Amino acid sequence: IIIPFPDKVLGKDKAQTFNLEFDSTDFANRLGNVWEISIPKLTHPENLNAYNLSLSIPNAFGRPAIISPLPVSQTPGPTYTVYRFKTADLLEKGISATFGQSQFFNFNLTYHLENPNIFPVRTNLALPPDTAFQKITLQTLLPEPESVSIDTDGNWLAAYLLFSKQTLTVTATGSAQIDLNPRQDFPKTELANPSSYLSKKPFWEIDNPRIIELAQKLKTPQNIYSYIVNNFLYDYGRLSDENTRFGAANALDNPNSVICMEFTDLFVALSRAANIPARAVNGFAYTTNPALRPLSLKKDVLHAWPEYFDNQRLIWVPVDPTWGNTTGGIDFFNHFDLNHIVFSIQGQDSSGPAPAGAYKTNETDSKDVQIEFGSPINSLSQLDIRLKLPVTALAGVNIPGQIIVKNTGNVALYHQLINLTSNHFKLAASSWEIPILPPFGSDTIDFQLPATSWLDRFTDNLTVSSKLVSLNQSMALKPVYSLFFSKENLKYLGLILLSLGLLVIVIKLFYEKFHQD
């Protein structure tokens, strides 16, 4: 930067007044459907007598979805809107503004599975799941898994059977819609077992005396976040190593050598020690400026950040102390962004499930995570229902049955109400709700048709239905005596009677001959 001074100003109480102007492409970025403005806070504000900042934003950007800190005024013009801020706010943190409500990413993920054993094993891999801020459309999953289930943390786990010494490559493609505000269709989370998110785990040493002392002092998620952001230093030198995970206690001992894993582990440990349910998230974080927002690397570009549970809103709230630290004070606590894609969630287990990009064998060293900006993929909400009942059944006994429901679409289905109706049977339960069913996921509902009179004979029509599909199936009910008087049984009975008749005739002939002799 060159500053020309046109005049010499010398002497006591004399001052040189000058302007410094520069252009930078780092402050504003067009990311897919979203414009992001990020201006770090001043490093040494004590050296300034005054500091004023205003943003002139093109009206074509639309209204801001997030702007932090809140401006004290905004002045619309024909082509630009000018936002002005309080100096005190600017000295505490930088400016973060987002123009756009949703972001779309297309993903292509590769998983390398291997069974080194001599016996078959069943293994799971973690697909990108739905969250309160993320909606997944799964376009392809090849080969198709046996099933996809959801664990306690909300992970989508695809199950595969691997035979002896088998290797298998699985590819998943689709899109992730990231929202700034919680989705209305995503179920509110009631923690059935809050203590499971408050317990000690490897890397989350909540019984460490220093962690206990800090947790008692900080008490709130906001204070914990601010403490970590302001008292630790991101170690850029560790980006090129194998990223050994230090854990929360070691991070306290080495505050100048932490990366996203330690920022995350320390937030989780301090929160749990303060009786705040918390967990870790692994995934992908998009950035156009790795110097400003460094990412941790492990062959693929992965990132870690924590979540804490909000008891008022009943959602898991993501925060990113790593980016809060490396962006010079941009607020990633009160306002998250549209660049974080969740691959896996670690709450019950601090080490698993592994995220996409971490499924590799000794022979694979490929780039397995490919993310790019995209557009929405058409959502296909589709359900397949099968009814398992005998074609014929006997009257007078309970008849067990099953309803098998499978999601054959490409998006998760929520609050699916399954109804069963019958023409003749009085059902004790005829309606069931499935809270969530991921793509390729299935659920089985067991039921019983109650016993009727032993002498009943009729054909019943049963209907299983949901909002998406319905299925009709008939079942013939026969009285118990039909066991003895069926056509097949009558045929055998006739043969028996004929045989008995012949036997009587033979005995009678022998008897008459015996008396004549």
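In what follows, residues are counted from 1 in the order of the sequence shown. A quick note: this is a predicted structure, and the numbers were derived from the prediction, not measured.
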Going through the distances and angles, do D368 and L109 end up as a side chain to side chain contact (heavy atoms under 4.5 Å, CB included)? CA-CA 6 Å; D368 296 329; L109 308 176; over 6 Å; no
Check step by step if salt bridge (Lys or Arg N to Asp or Glu O under 4.0 Å) holds for K406 and E146. CA-CA 12 Å; K406 183 174 182 179; E146 291 184 328; over 6 Å; no
So T110 and V170, side chain to side chain contact (heavy atoms under 4.5 Å, CB included) or not? Walk me through it. CA-CA 6 Å; T110 303; V170 179; over 6 Å; no
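Checking N223 against T220 by side-chain atom types alone, a donor-acceptor pair falls below 3.5 Å. Using modelled atom types, one finds no donor on one side chain facing an acceptor on the other under 3.5 Å when comparing T167 with E114. In this model, no donor atom of one side chain and acceptor atom of the other lie less than 3.5 Å apart for N106 and S175. Residues S96 and S68 have side chains that never bring a donor and an acceptor to within less than 3.5 angstrom of each other. Residues H303 and N282 bring no donor and acceptor atom of their side chains to less than 3.5 Å of each other. Checking N155 against S344 by side-chain atom types alone, no donor-acceptor pair falls below 3.5 Å. In this model, a donor atom of one side chain and an acceptor atom of the other lie less than 3.5 Å apart for Q402 and D446. Side-chain N/O atoms of N124 and Y160 include no donor and acceptor closer than 3.5 Å. A donor-acceptor pair shorter than 3.5 Å cannot be found between the side chains of N461 and H424. N181 and D179 share no donor-acceptor pair across their side chains, judged by distance under 3.5 Å alone.
The one candidate from L127, T123, T171 that meets the side chain to side chain contact (heavy atoms under 4.5 Å, CB included) condition with Y111 is L127.
The environment of F458 atom CZ is dense: over 12 non-hydrogen atoms of other residues, nucleotides or ligands sit within 6.0 angstrom. Atom CG of L503 has more than 12 neighbouring heavy atoms from other residues, nucleotides or ligands inside a 6.0 Å radius.
For N108, there are no side-chain hydrogen bond (donor to acceptor under 3.5 Å, both in side chains) partners, not counting sequence neighbours. The side-chain hydrogen bond (donor to acceptor under 3.5 Å, both in side chains) check on D349 picks up nothing, with sequence neighbours excluded. The side-chain hydrogen bond (donor to acceptor under 3.5 Å, both in side chains) test applied to T444 returns no partner, not counting sequence neighbours. Applying the side-chain hydrogen bond (donor to acceptor under 3.5 Å, both in side chains) criterion to S430, with sequence neighbours excluded, gives no partner residue.
For Y286 and F373, the distance between ring centers is under 6.0 angstrom. Between Y308 and F333, the ring center distance clears the sub-6.0 Å criterion.
One distance of note links CE of M475 with CG of D460; it measures 6.0 Å at 0.5 Å rounding. Note that CG of D153 is 8.5 Å distant from CD of Q346, once rounded to the nearest 0.5 Å. Rounded to the nearest 0.5 angstrom, N193 CG and T152 OG1 are separated by 9.0 Å. Note that CG of N407 and CZ of F440 are 9.0 Å apart. Values are rounded to the nearest 0.5 Å.
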Taking only distance into account, with no hydrogens and no angle test, what donor-acceptor pairs under 3.5 Å do side-chain atoms of residues 380-396 form with protein atoms, sequence neighbours excluded?
{"from": "Q382", "atom 1": "NE2", "to": "T408", "atom 2": "OG1", "distance (Å)": "3.2"}

Just list the side-chain donor-acceptor pairs under 3.5 Å for residues 259-272, sequence neighbours left out, or say none.
{"from": "E262", "atom 1": "OE1", "to": "R238", "atom 2": "NH1", "distance (Å)": "2.8"}
{"from": "E262", "atom 1": "OE1", "to": "R238", "atom 2": "NH2", "distance (Å)": "3.4"}
{"from": "E262", "atom 1": "OE1", "to": "I259", "atom 2": "N", "distance (Å)": "3.0"}
{"from": "E262", "atom 1": "OE2", "to": "F246", "atom 2": "N", "distance (Å)": "3.0"}
{"from": "T264", "atom 1": "OG1", "to": "C260", "atom 2": "O", "distance (Å)": "2.9"}
{"from": "T264", "atom 1": "OG1", "to": "A304", "atom 2": "O", "distance (Å)": "3.2"}
{"from": "T264", "atom 1": "OG1", "to": "W305", "atom 2": "N", "distance (Å)": "3.3"}
{"from": "D265", "atom 1": "OD1", "to": "W204", "atom 2": "NE1", "distance (Å)": "2.9"}
{"from": "D265", "atom 1": "OD1", "to": "R245", "atom 2": "NH2", "distance (Å)": "2.8"}
{"from": "D265", "atom 1": "OD2", "to": "R245", "atom 2": "NE", "distance (Å)": "2.9"}
{"from": "S271", "atom 1": "OG", "to": "F267", "atom 2": "O", "distance (Å)": "2.8"}
{"from": "R272", "atom 1": "NE", "to": "Y197", "atom 2": "O", "distance (Å)": "2.9"}
{"from": "R272", "atom 1": "NE", "to": "A278", "atom 2": "O", "distance (Å)": "3.0"}
{"from": "R272", "atom 1": "NH1", "to": "S199", "atom 2": "O", "distance (Å)": "2.9"}
{"from": "R272", "atom 1": "NH2", "to": "A278", "atom 2": "O", "distance (Å)": "2.9"}
{"from": "R272", "atom 1": "NH2", "to": "G347", "atom 2": "O", "distance (Å)": "3.0"}

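Side-chain contact between F343 and L302 is present, with heavy atoms from C-beta onward closer than 4.5 Å.
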